[in-house]
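Here, residue 1 is the first one in the sequence, and each next residue gets the next number. What you see below is based on every heavy atom in this structure, not just the backbone, and it leaves out hydrogens, waters and symmetry mates.
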Amino acid sequence: MKIRRVLGLVTGMISAMMLSTNVYAATNELTGLEIGDELAMQRPVAIMVDNEKKALAHYGTAEADIVYEMMNSTANGRVTRLMCLYKDWANLQQTGSIRSTRTTNVVLTGEYNAVLIHDGGPFYIKSYLKQPYATHLSGGFTRVKNGKPTEFTEYVFGQELAGRFAKSGISTSYTMAPERATHFLFTPADTDLAGDAAVNIVDLSGIFVHNKSKLLFNPGTRTYDYYEYDAQHFDAEDAQPLTFKNVILQNTSFKQLDKNGYLTYNVVGSGSGYYLTNGKAVPITWTKGSETGITHYYDAAGNEIAVNRGKTYIGLVPSDTWDKLIFG
C-alpha cells in the first residue's frame with residue numbers, strides 16, 4: 001500500500017507539471033524567458049545576500065531572475081537584505097556575499113519549492129526550517145580573501161552548489177508539483193500598462209533609510225535600474241547593472257519578535273501594492289493563501305495581472321512606512 005501511495009503521488013506530480021508542456025518545457029518559470037529543455041524541471045535556489053554597505057560590491061546579483069528586498073531588522077536603520085532567486089544556478093560564478101536568513105525568507109522560498117542558501121540565522125528560524133517544504137543549505141561555502149571582516153567573505157559558486165546538493169541528497173528537481181506552469185502570468189509580448197501614471201523614480205529611501213534604495217527607469221533599456229547608498233548598483237563580477245523589467249511593491253505588515261529588531265513579515269495573507277513596468281505603475285492587491293502557495297497579484301477589476309517577461313524586483317514595504325513611498 002505504501003508503494004502504491006508513493007507511485008500515485010509521483011504520477012500526480014508529473015501530471016500537474018505537464019499541464020502546459022509547451023510553455024513549461026522551454027520557459028523559465030521565474031522570468032517567462034526561454035531556457036534549455038534540460039533546465040525545465042530544475043528547482044530554483046534562493047541565495048541570501050548581505051546588503052550592508054561593507055558587503056559591497058555584490059557578485060552575481062545581476063544574474064538573478066527575481067530579487068526580493070526587505071528589511072532585515074527594525075534596528076540599524078532598517079537595513080535591508082536581498083534574497084536572489086536563480087533558475088540556472090549551476091553556471092553561477094562567485095555569488096554573494098552570503099549571510100544569514102530570516103523567517104520570512106523560509107516562507108517565501110516555499111512558494112518556489114526553492115532551496116534556500118544561507119549561513120545560519122536567529123533561533124526563530126528553527127521551527128520554520130523543520131517544515132516539510134523547507135529545504136536549505138547553511139554555511140560552509142567558499143571563503144574569499146577580500147580584506148574585509150570574516151562575515152563579509154563567504155561566497156558560493158554554482159558547481160559548489162551542485163556538489164553540496166549531491167552530498168546532502170537534496171533533489172535538484174522539483175519535489176512538489178508547481179501550482180501552475182509559470183510562477184507569474186506572463187504577457188505574450190512586451191506590453192505597456194494602460195493610463196498615464198508614468199513613474200520614472202521609485203524612491204524607497206524613506207522606507208529603507210539605511211540603504212536609501214531607489215529604482216530609476218531607464219528609457220534605453222525600458223527597465224528599472226537599482227540604486228542604493230546614493231549610487232547605481234553594478235555587479236562586481238561583470239559590471240552589469242542590477243536592472244528589472246518588472247517592479248512589484250507589496251504593502252506588508254510585520255510582527256516584531258524581540259527588542260533586537262528581529263521580525264516576521266505577514267506574507268501569508270493579503271494587502272495592497274503597485275506593479276510597475278515600462279515606466280508606468282498600476283495599483284494592485286496581493287494574496288498568498290499558504291506558506292507554499294504562490295503570491296497572486298490582481299488589478300483593480302480583480303483580474304490577476306500578467307507581467308512582462310524578464311527579471312522582477314519584489315520589495316516588501318513595511319505597512320508602517322507605506323506612506324513614505326514616493327513616485328517621481
Side-chain angles (χ1 to χ4, degrees), residues 46-56 58 61 66-85 96-111 116-131 134 136 138-139 148-154 202-215 226-230 233 248-273 286 288 291 295 313-326:
I47 300 178
M48 296 301 305
V49 176
D50 195 338
N51 207 26
E52 172 58 65
K53 191 172 185 178
K54 291 180 181 179
L56 301 181
H58 290 146
T61 49
I66 298 173
V67 174
Y68 281 85
E69 182 174 21
M70 65 193 81
M71 64 173 172
N72 192 51
S73 167
T74 59
N76 304 317
R78 297 194 169 188
V79 62
T80 68
R81 192 154 290 180
L82 305 181
M83 185 174 78
C84 301
L85 283 101
S97 61
I98 296 173
R99 287 299 291 272
S100 59
T101 192
R102 299 292 183 265
T103 55
T104 305
N105 304 104
V106 182
V107 174
L108 288 173
T109 57
E111 71 176 84
L116 181 61
I117 310 300
H118 65 108
D119 192 337
F123 75 92
Y124 300 108
I125 68 173
K126 290 183 178 180
S127 61
Y128 288 78
L129 292 176
K130 291 179 181 178
Q131 298 305 308
H136 72 112
S138 177
K148 299 178 183 180
T150 302
E151 60 266 34
F152 304 113
T153 63
E154 188 173 17
V202 180
D203 188 349
L204 298 163
S205 61
I207 297 164
F208 303 139
V209 295
H210 184 93
N211 303 74
K212 299 179 182 178
S213 308
K214 294 181 181 179
L215 293 121
Y226 179 75
Y227 289 70
E228 64 175 347
Y229 301 111
D230 299 317
H233 183 290
I248 295 173
L249 304 174
Q250 286 185 223
N251 179 358
T252 316
S253 63
F254 66 92
K255 177 183 178 181
Q256 185 164 327
L257 301 174
D258 61 24
K259 65 180 181 180
N260 297 314
Y262 291 118
L263 65 116
T264 296
Y265 274 101
N266 299 314
V267 291
V268 178
S270 61
S272 58
W286 63 268
K288 178 174 168 64
E291 292 182 343
T295 304
Y313 168 96
I314 302 177
L316 297 189
V317 179
S319 292
D320 64 352
T321 56
W322 180 252
D323 62 350
K324 298 184 184 300
L325 172 64
I326 298 174

Evaluation steps, side-chain contact (heavy atoms from CB on, under 4.5 Å), between Y226 and T61: CA-CA 11 Å; Y226 179 75; T61 49; over 6 Å; no

Least distance between heavy atoms, T101 atom then P122 atom: O-CD, 3.4 Å

NZ/K148: more than 12 non-hydrogen atoms of other groups inside 6.0 Å: yes

Residue pair Y68, L108: steps toward the side-chain contact (heavy atoms from CB on, under 4.5 Å) verdict: CA-CA 10 Å; Y68 281 85; L108 288 173; 3.8 Å; yes

For H136, all residues meeting side chain to side chain contact (heavy atoms under 4.5 Å, CB included), sequence neighbours excluded: L116, H118, L129, S138

Check: Q250/Y265 side-chain N/O donor and acceptor closer than 3.5 Å: no

K259 versus Q256, closest heavy-atom pair with distance: CA-NE2, 4.3 Å

Side chain to side chain contact (heavy atoms under 4.5 Å, CB included) partner of M71, chosen from T321, L263, V79: L263

Cation-pi check, R99 onto F152 ring (under 6.0 Å, within 45° of axis): yes

Closest heavy-atom pair and its distance - L249, Y313: CD2-CE2, 4.1 Å

Separation between NE2 of H210 and NZ of K53, rounded to the nearest 0.5 Å: 8.5 Å

Backbone N/O of N260 and side chain of D258: donor-acceptor pair under 3.5 Å: yes

Rounded distance (nearest 0.5 Å) linking atom OH of Y229 with atom CG of N211: 3.5 Å

Flag, side chain of E111 to backbone of T295, donor-acceptor distance under 3.5 Å: yes

Inter-residue atom distance T74.OG1 - L257.CG, 0.5 Å rounding: 9.5 Å

Side-chain heavy-atom pair D50, E151 within 4.5 angstrom cut-off: no

Side-chain donor/acceptor of N251 to backbone N/O of W322, under 3.5 Å: no

D320/R78 salt bridge by N-O under 4.0 Å criterion: yes

Closest non-hydrogen atom pair between Y128 and Y124, with its separation: CD1-O, 3.3 Å

Point-to-point distance, once rounded to the nearest 0.5 Å, from OG of S73 to CZ of R102: 7.5 Å

Exercise: do D203 and S205 side chains pair donor with acceptor under 3.5 Å: yes

Shortest non-hydrogen contact from A55 toward S97: CB-OG, 3.9 Å

L204 vs L215, side-chain contact (heavy atoms from CB on, under 4.5 Å): CA-CA, chis, key distance, verdict: CA-CA 8 Å; L204 298 163; L215 293 121; 4.2 Å; yes

E69 versus S213, closest heavy-atom pair with distance: OE2-OG, 2.8 Å

Flag, side chain of Q131 to backbone of S127, donor-acceptor distance under 3.5 Å: yes

Spatial distance of atom CG (N72) from atom CD (E52) [nearest 0.5 Å]: 10.0 Å

Rounded distance (nearest 0.5 Å) linking atom CD of E154 with atom CD1 of I98: 5.5 Å

side-chain contact (heavy atoms from CB on, under 4.5 Å) assessment of L56 paired with E228: CA-CA 11 Å; L56 301 181; E228 64 175 347; 3.8 Å; yes

Aromatic ring pairing H233/H58, orientation class (parallel under 30°, perpendicular over 60°, tilted between): tilted

